[in-house]
There are 2 protein chains.
Amino acid sequence: MPRADARVTRERLIESAVALLDEHGPEALTLTAVARALGVRAPSLYHHVDGLDGVRLEVRVHGIERLGDALQRASSGRSGRDALSAVARAYVDFGRHQPGLYALTLAGSDGGDERVRAAGARVLDTVLAVLHGYGLQDEAALHATRFVRSALHGFAALERAGGFALSLDQDASFDHLVDAVDAGLERLANAQA
Amino acid sequence: MPRADARVTRERLIESAVALLDEHGPEALTLTAVARALGVRAPSLYHHVDGLDGVRLEVRVHGIERLGDALQRASSGRSGRDALSAVARAYVDFGRHQPGLYALTLAGSDGGDERVRAAGARVLDTVLAVLHGYGLQDEAALHATRFVRSALHGFAALERAGGFALSLDQDASFDHLVDAVDAGLERLANAQA
DNA sequence: GGAGCAAACCTATGGCGATTAGGCTAAGAC
DNA sequence: GTCTTAGCCTAATCGCCATAGGTTTGCTCC
């Protein structure tokens with residue numbers, strides 16, 4: 001029975017952690033900093049989460065869930081290339097707007113946490129639904145999912161790391177990427193038949 | 001004028017750092033650990049590199065150079081889809097065999113270091129050479145490079161992070177990825193014309 | 001309306017890693 | 001042989017994670 005006057009709640013803790021992460025990078029996510037943001041001392045957090053890794057886990061779960069939300073929202077009511085384009089845009093935008101949060105969704109030893117698995121499955125299902133629009137099914141669809149996620153994650157990660165150093169328009173590159181992925185999916189769909 | 005009996009050299013320092021990274025992960029790369037491996041105390045390292053970030057920079061430069069070596073070796077004597085396949089395999093294998101080193105090649109604020117730029121340019125050029133085999137030139141080739149690097153980095157990163165949770169064969173997924181990227185490049189080459 | 005339980009915090013402490021300051025030693029130049 | 005300086009060192013500070021153990025104070029239930 002949680003007390004009503006608690007300064008620390010899972011929601012507020014995640015909120016603070018995400019803010020630190022997005023504004024000051026991964027290094028800034030410390031127990032001390034989170035505690036300070038919540039008006040509390042660092043050891044107090046141990047009553048709510050399992051140390052720094054626990055904070056990261058909570059944030060990761062939250063991040064994957066939010067990513068799943070964004071992808072599902074983007075794909076709803078669309079199909080085929082249209083759906084691919086919308087989902088891809090949503091994915092990349094998520095990485096752009098919440099770089100710190102996004103980085104945590106993938107990096108990490110999640111020790112087989114159930115919530116991570118469930119949230120990840122939802123992301124996977126959303127992508128799979130898009131691929132069905134290309135006629136991809138079963139194993140071929142799963143391989144294709146890995147291709148799509150590789151391309152999207154790679155793009156988001158390279159963008160974040162400053163890997164696209166040249167002064168070439170990134171939005172144009174994104175459009176080319178979607179075009180190329182579209183062609184790749186058509187190839188995989190044909191190869192499957 | 002360096003002394004002959006020095007225990008710390010750039011080479012030995014990088015070697016130790018890479019070993020720590022590949023065997024025990026990013027967290028294990030500490031000044032204390034590197035110093036211990038070299039038979040020296042941590043503060044002594046400051047005479048050779050600029051702190052922990054300096055170590056990371058040295059390792060990053062080394063990693064990008066080695067990646068460049070691997071890609072160039074893989075592409076030499078091949079062209080077209082054959083070259084793409086070989087380069088992709090070399091890229092992914094690099095990430096598999098040296099996960100810690102690979103992770104550092106991209107993650108990071110390299111503050112515009114000249115050696116990083118140069119080594120990165122060599123990687124870029126190798127990929128560009130492959131794309132010329134598809135008839136891609138100029139701007140279109142650069143956009144295509146981003147597509148290829150996104151797909152390869154994404155695959156390597158997801159593999160390393162355990163993002164491919166399902167028990168689906170990863171080598172088969174890799175073959176599908178190469179196939180899809182090949183199709184994507186053909187599309188981009190046609191769109192260019 | 002008070003007793004008791006447990007939630008929510010706290011201080012104290014230990015340990016480790018980064019980094020700075022300041023000093024010793026001995027290799028190699030001249 | 002002197003002297004410069006590269007290469008290491010110890011000492012000390014600071015920030016952070018983590019554990020141990022204690023105090024306050026809502027809440028619930030008689």
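Any value given below was found using the heavy atoms of this structure, including those in side chains, with hydrogens, waters and symmetry copies removed. Residue numbering restarts at 1 for every chain, and letters A, B, ... go by the order of the sequence lines. Remember, predicted model here, so these are calculated numbers, not experimental data.
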Taking the ring centre of each residue, are Y91(A) and Y102(A) less than 6.0 Å apart? yes
Could you go through the salt bridge (Lys or Arg N to Asp or Glu O under 4.0 Å) check for R96(A) and D171(A) one step at a time? CA-CA 12 Å; R96(A) 285 174 177 168; D171(A) 278 317; 3.5 Å; yes
For atom [atom1] of [X] and atom [atom2] of [N], their distance in whole Å:
{"X": "R10(A)", "N": "dA7(C)", "atom1": "CZ", "atom2": "C1'", "value": "19 Å"}
{"X": "L52(B)", "N": "dT20(C)", "atom1": "CG", "atom2": "P", "value": "12 Å"}
{"X": "L45(A)", "N": "dC16(D)", "atom1": "CG", "atom2": "C1'", "value": "13 Å"}
{"X": "R56(A)", "N": "dC16(D)", "atom1": "CZ", "atom2": "P", "value": "13 Å"}

If you only use heavy atoms from C-beta on, which nucleotide in dT10(D), dC9(C), dC8(D) is closest to the side chain of P43(B)?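 The answer is dT10(D).
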Contact under 4.0 Å: [X] side-chain N or O vs [N] OP1/OP2:
{"X": "Y46(A)", "N": "dA18(D)", "result": "yes"}
{"X": "H47(A)", "N": "dC10(C)", "result": "no"}
{"X": "H48(A)", "N": "dA7(C)", "result": "no"}
{"X": "S44(A)", "N": "dC10(C)", "result": "yes"}

Salt-bridge present (R12(A), E15(A); N to O < 4.0 Å): no
Give the C-alpha distance, both sets of side-chain angles, the deciding distance and a yes or no for salt bridge (Lys or Arg N to Asp or Glu O under 4.0 Å) between E186(B) and R187(A). CA-CA 11 Å; E186(B) 287 181 359; R187(A) 165 84 64 89; 3.3 Å; yes
Stepwise side chain to side chain donor-acceptor pair (under 3.5 Å) test for R60(A) and T105(A): CA-CA 5 Å; R60(A) 177 151 48 241; T105(A) 60; over 6 Å; no
Got a sec? Which of residues 25-41 of chain A come in under 4.0 Å of DNA chain D, heavy atoms?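 Correct list: T30(A), L31(A), T32(A).
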Indicate yes or no for a side-chain donor-acceptor contact from D113(A) to the backbone of R115(A) under 3.5 Å, with no hydrogens or angles considered. yes
